[in-house]
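Have a look at the structure below before the remarks.
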Amino acid sequence: MAVEKSKNFITDIIDAHNESGRFDGRVHTRFPPEPNGYLHIGHAKSICLNFGIAEQYGGLCNLRFDDTNPAKEEQEYIDAIIEDLRWLGFKWHDRVYFASDYFDELYEMAVELIQIGRAYVDELSPDQIREYRGTLSQPGIDSPYRDRPVVENLALFEKMRDGGFNEGEAVLRAKIDMSSGNINMRDPVMYRILDAAHPRTGDKWRIYPMYDFAHGQSDSIEGITHSICTLEYEDHRPLYDWYLDNIEIFHPQQIEFARLNLSHTIMSKRKLIRLVREGCVRGWDDPRMPTISGLRRRGYTPEAIREFCEDVGVGKVKGVVALHKLEYHIRQDLNRRAQRVMAVLNPLKVVIENYPADLVEELEAINNPEDESAGTRPVPFSKVIYIERDDFMEDPPRRFFRLAPGREVRLRYAYFITCTDVIKDETGEVIELRCRYDPATRGGSAPDGRRVKATLHWVSARHAVEAEARLYENLFTVERPEADAEVDFTNFINPNSLTVIDPIYVEPSLAGAQVGERYQFERLAYFVVDEDSTAEKLVFNRTVTLRDQWRKVRKQGRKPGKPGRRKTARTV
RNA sequence: AGGGAAGUAGCUCAAUCGGCAGAGCAGGUGCCUUUGGAGCACAAGGUUAAAGGUUCGAGUCCUUUCUUCCCUGCCA
């Protein structure tokens, strides 16, 4: 497959570097997740960007875990992140690294900064450090420990490393400028003491580097040329540059872009973890979650996600992308590849009175009209079938073309039928339809050329397979659940985000469906077989509905009804 | 007078050296149809945040103003 040539402000910068020869034409990026949660669609944008740019320029992209905080990071997340990246289809070969791989080198670099008088051990308490830092509009004050001699700092830093201090009693700080307008430059902490075992280094260390001290140097060690990160690190770039310049090692270019925000969902890891821990969803891979694993279980394809990221583009403007856009891409992809089947979610029994009671016909159905090679399959037809309850109205409004008393419609791949009778229970609810079929319309077309306005999907009652359907809607009822600082985002959780229908009736060809297989239930939606499926019962997750123009028609159809209300209002 | 960044269609992004402001999605209208799907056609959508300046000509260059966002973890 050809590499898509995308152009954006980052490729402009790279092009300029290539012209000036700053990196000798080399392009080497990295994707640096912190293993403290699962990857989500926002990460996908960064992943596509970093791996995509490397591919586009014939360069490389490393996978590097930013594991500098053992208090928050776990092996479970490392494994999940790798699985998600693989699934998305990106390859880093053997270039998977960990910031913790560089703890020894980082330590030596810190010692070097102490030796040239640019770092010192501070014994101020955390609270004092905050006070001394000043505020956004007021400069900070130098720590009383700021001007210790080099030898003392060296000894103290060793003491930190060797357990001579407790957590919070001492930190190593860069000596930069306590009056800087950029708070990151007010003697930032380089190392802190953490009494936590690290998933990879065990208990070898009790001091751990801060992000700012680890990231740039890790980039440098790996020979990264373009260190692409999100906008909130713009303020950190001077510090990124300062460390590299003062340690005097290879200097990559940090570039910041606007991370992805999606409407009707949240992207903050801290909040996603709350959804999981507070039981708002069934786990990180709940199909309602914006996580990669959630989208996977929902039935999304890697291709659709990648197309989406490409479509969204890269810029520096913070905005919110409409969820519609993601849905557009999964429909686009699934329309091409998903096999069509018939399934009835909300059944209405139909008895075809003039059809022989014991006859079963095998009708030929097209598996995928978008892909002839997908072939056909037989679908059994018999006297009693189920149709969708929504496909019948006893008193149909204008523009409702489906079944109604006396009306003729097509049963897909089967026959034209005409509704002759409506059977109701004692409450007046329609429980069964009586219809007659035209034997001459077998396959779905009339020899006399007469046409019908609607085609209905159906399932033979005798042959129907019972299954469970899980219908998902947006997890949140508002576009921006995080926008209101006063109201906790959990208040906007959509109570109807999951609807379970059990049973639904699916055509018998689905009997052996495998977990992960994607289908289009004709006229309804795309579904994927969920891992909760058993030999006895299939479970289908609704990935995304088909675009439903009837909904629009119905909305407009209400308008003619409104004048009546207005009339009433006027007369009152 | 804290520091940093961003303002182009409802949303996300384009616009070469300064040369008639474009695309995709959403929304609208219509056509077509054995998925009311898919597809196709058409129309609409803008004082490029604002003002001033330079210029034959400014989204683009200069000045000022406005709005929004980020930054006061021993998180990343």
Side-chain angles (χ1 to χ4, degrees), chain A residues 7-8 32-34 36 66-69 71-73 99 122 124-126 129-131 133-140 167-173 179-186 188-194 207-208 210-212 214-215 229-238 256 258 260 263 269-270 311-322 324-329 331-332 335-336 340 342 365-366 369-370 399-402 410-414 416 441 443-445 451-457 479 520-525 545-554:
Chain A
K7 251 188 78 65
N8 52 57
E34 184 192 11
N36 68 341
D66 227 324
D67 58 346
T68 55
N69 187 353
K72 290 187 175 177
E73 296 150 8
D122 196 353
L124 251 26
S125 72
I129 286 185
R130 186 169 0 96
E131 285 163 27
R133 186 157 34 227
T135 68
L136 293 179
S137 53
Q138 286 179 325
E167 261 190 51
E169 286 180 351
V171 291
L172 183 70
R173 292 230 252 170
S179 66
S180 172
N182 181 348
I183 289 177
N184 295 300
M185 301 299 271
R186 316 237 265 231
V189 172
M190 294 164 57
Y191 270 91
R192 79 287 212 188
I193 296 163
L194 248 31
I207 57 171
Y208 293 94
M210 298 286 289
Y211 164 85
D212 286 304
H215 202 91
C229 60
T230 48
L231 252 26
E232 62 267 30
Y233 291 102
E234 279 176 326
D235 287 343
H236 294 245
R237 184 163 13 100
E256 310 86 12
L260 173 70
S263 75
K269 275 203 228 174
R270 273 181 50 194
D311 187 19
V312 162
V314 186
K316 297 197 72 146
V317 185
K318 295 180 189 181
V320 183
V321 175
H324 280 300
K325 198 152 196 136
L326 221 207
E327 295 181 340
Y328 166 82
H329 284 284
R331 284 194 188 103
Q332 194 84 354
N335 178 49
R336 264 185 268 118
R340 273 63 167 172
M342 291 197 284
I366 294 166
E370 304 290 318
R399 309 250 271 171
F400 180 89
F401 301 138
R402 287 118 94 164
R410 174 190 297 113
L411 293 177
R412 180 141 234 229
Y413 301 124
F416 285 11
T441 57
S445 53
R451 304 181 85 88
V452 290
K453 296 212 76 166
T455 302
L456 271 41
H457 61 275
E479 254 181 54
Q520 183 195 103
F521 289 3
E522 291 213 40
R523 303 208 306 136
L524 297 174
T545 61
L546 261 26
R547 282 176 61 206
D548 183 4
Q549 294 195 39
W550 167 243
R551 260 176 72 188
K552 247 192 287 182
V553 172
R554 198 172 42 196

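In what follows, chains are A, B, ... by sequence order, proteins preceding strands, each numbered from 1.
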Give me, pair by pair, the N or O atoms of the protein and of nucleotides 8-14 of chain B that are less than 3.5 Å apart, along with how far apart they are.
residue: rC11(B); atom: O3'; partner: V320(A); partner atom: O; Å: 3.3
residue: rC11(B); atom: O2'; partner: V320(A); partner atom: O; Å: 3.2
residue: rU12(B); atom: OP1; partner: V320(A); partner atom: N; Å: 3.1
residue: rU12(B); atom: O2'; partner: V312(A); partner atom: O; Å: 2.3
residue: rA14(B); atom: OP1; partner: V314(A); partner atom: O; Å: 3.4

Enumerate, in order of first residue number, the stems that involve RNA chain B, defined as 3 or more consecutive Watson-Crick or G-U wobble pairs with both distances under 3.5 Å.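 For RNA chain B the paired stretches long enough to count as stems (3 pairs minimum) are B:2-7 with B:66-71, B:10-13 with B:22-25, B:28-31 with B:39-42, B:49-53 with B:61-65.
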
Using atom [atom1] of each nucleotide, how far apart are [N] and [M] to the nearest Å?
N	M	atom1	value
rG45(B)	rU29(B)	C1'	14 Å
rA15(B)	rC74(B)	C1'	48 Å
rA21(B)	rC62(B)	C1'	22 Å
rU64(B)	rG10(B)	P	30 Å
rA23(B)	rC42(B)	P	12 Å
rG18(B)	rG59(B)	P	13 Å
rG7(B)	rU48(B)	C1'	10 Å
rG4(B)	rU8(B)	P	22 Å

Using a 4.0 Å heavy-atom cut-off across all strands, classify [X] as base, sugar-phosphate, or nothing.
X	answer
R336(A)	nothing
R340(A)	base
E370(A)	base
E256(A)	nothing
S445(A)	base
E522(A)	base
Y413(A)	base

Output the rounded distance in Å from [atom1] ([X]) to [atom2] ([N]).
X	N	atom1	atom2	value
L411(A)	rU34(B)	CG	C1'	11 Å
I366(A)	rU33(B)	CD1	P	16 Å
K453(A)	rU35(B)	NZ	C1'	16 Å
E327(A)	rG24(B)	CD	C1'	17 Å
L231(A)	rA6(B)	CG	P	8 Å

Within 90° of 0 counts as syn, otherwise anti: where does rG53(B) fall? anti

Considering only heavy atoms from C-beta outward, does the side chain of N182(A) approach that of P238(A) to under 4.5 Å? yes

Any L456(A) side-chain heavy atom under 4.5 Å of R410(A) side chain: no

Using the test ring-ring contact (aromatic ring centres under 6.0 Å, His included), find all partners of [X] that sit at least two apart in sequence or belong to another chain.
X	answer
Y413(A)	none
Y233(A)	Y211(A), H236(A)
F416(A)	none

Indicate whether the side chain of H457(A) and that of R523(A) have a donor and an acceptor atom separated by less than 3.5 Å. yes

Between V171(A) and I193(A), does the side-chain contact (heavy atoms from CB on, under 4.5 Å) criterion hold? Intermediate values first, please. CA-CA 7 Å; V171(A) 291; I193(A) 296 163; over 6 Å; no

Which atom names give the shortest non-hydrogen contact between A214(A) and T68(A), and what distance separates them? CB-CG2, 3.7 Å

Minimum-distance pair of heavy atoms, taken over all atoms of E73(A) and E34(A):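 Residues E73(A) and E34(A), closest heavy atoms: OE2-OE2, 2.7 Å.
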
Residues in side chain to side chain contact (heavy atoms under 4.5 Å, CB included) contact with [X], at least two apart in sequence or another chain:
X	answer
D311(A)	K325(A), H329(A)
M210(A)	V189(A), R192(A)
I183(A)	R133(A), L136(A), R186(A)
P369(A)	R340(A), I366(A)

Using a cutoff of under 3.5 Å, can you pull out all pairs of nitrogen or oxygen atoms linking the protein to nucleotides 39-46 of chain B, with atom names and distances?
none

Measure the CZ-CG distance between R173(A) and L124(A) for me, rounded to the nearest 0.5 Å. 6.5 Å

Sugar-phosphate atoms are those with a prime plus P, OP1 and OP2; base atoms are the rest. Using that split, label each nucleotide of nucleotides 71-76 of chain B B, S or - for protein heavy atoms under 4.0 Å, 5' to 3'. BBSBBB

Name all residues meeting the side chain to side chain donor-acceptor pair (under 3.5 Å) criterion together with T545(A); count only those two or more places apart in sequence or in a different chain, and write none if there are none.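 T545(A): no side chain to side chain donor-acceptor pair (under 3.5 Å) contacts found.
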
